[in-house]
Amino acid sequence: MKKIAIAMLFAGSTLLMADGAAAYAKCAGCHGQNGEKAALGKSAIIAGQDAAKTIEQLNGYKAGTLNQHGMGALMKGQVASMDDAAIKAVAEHIAAMKK
């Protein structure tokens with residue numbers, strides 16, 4: 001029984017790692033499939049950006065305290081439904097992207 005529980009736990013953590021890519025899907029329209037675009041021609045290219053920086057920025061947008069390039073309202077809407085785990089997963093996904 002312990003082996004089954006451990007296997008389920010491992011499978012669950014593997015699924016969580018994949019959540020970053022799934023959660024990023026709504027970002028791809030503006031930032032590109034691989035974070036290679038300047039969103040709406042305004043933002044920095046995010047591919048390979050440090051995860052801690054991304055987490056800080058996404059939390060700032062979510063709180064409404066960050067408005068880089070006039071994108072605060074748009075980004076607030078994009079991250080409003082993301083919890084801390086989703087923000088972390090997306091940030092790690094972005095950090096792993098090739099520049």
Item to check | Stepwise side-chain contact (heavy atoms from CB on, under 4.5 Å) check, Met71 with Leu66 | outcome: CA-CA 9 Å; Met71 303 297 286; Leu66 184 61; over 6 Å; no
Item to check | Pairwise salt bridge (charged side-chain N to carboxylate O under 4.0 Å, His left out) hits with a residue in residues 80-91, at least two apart | outcome: Lys88-Glu92
Item to check | 4.5 Å side-chain heavy-atom contact, Met82 and Val90 | outcome: yes
Next on the checklist: Applying salt bridge (charged side-chain N to carboxylate O under 4.0 Å, His left out) as the test, list every pair that has at least one member in residues 46-59; sequence neighbours left out.
Outcome noted: none
Checklist entry - Rounded to the nearest 0.5 Å, how far does OH of Tyr61 lie from CG of Asn67? => result 7.5 Å
Item to check | Distance (rounded to the nearest 0.5 Å) between Lys62 NZ and Lys76 NZ | outcome: 10.5 Å
Checklist entry - Under a 4.5 Å side-chain heavy-atom rule over Ile, Leu, Val, Met, Phe, Trp and Tyr, are Ile87 and Leu74 clustered together? => result yes
Item to check | Spacing of Gln49 atom CD and Ile55 atom CD1 [to the nearest 0.5 Å] | outcome: 10.5 Å
Checklist entry - So with a 6.0 Å cut-off around CD of Gln68, is the heavy-atom count from everything else above 12? => result yes
Checklist entry - Taking side chain as C-beta onward, heavy atoms only, is Ile46 less than 4.5 Å from Tyr24? => result yes
Item to check | Value rounded to 0.5 Å, distance of CG in Leu40 from NE2 in His69 | outcome: 11.5 Å
Next on the checklist: Restricting to non-hydrogen atoms, name the atom on Ala91 and the atom on Ala51 that form the minimum distance, rounded to 0.1 Å.
Outcome noted: CB-O, 3.5 Å
Checklist entry - Going by heavy atoms in the side chains, are Ser43 and Gln57 under 4.5 Å from each other? => result no
Next on the checklist: Could you measure the distance from the SG atom of Cys30 to the NZ atom of Lys37? Nearest 0.5 Å is fine.
Outcome noted: 8.5 Å
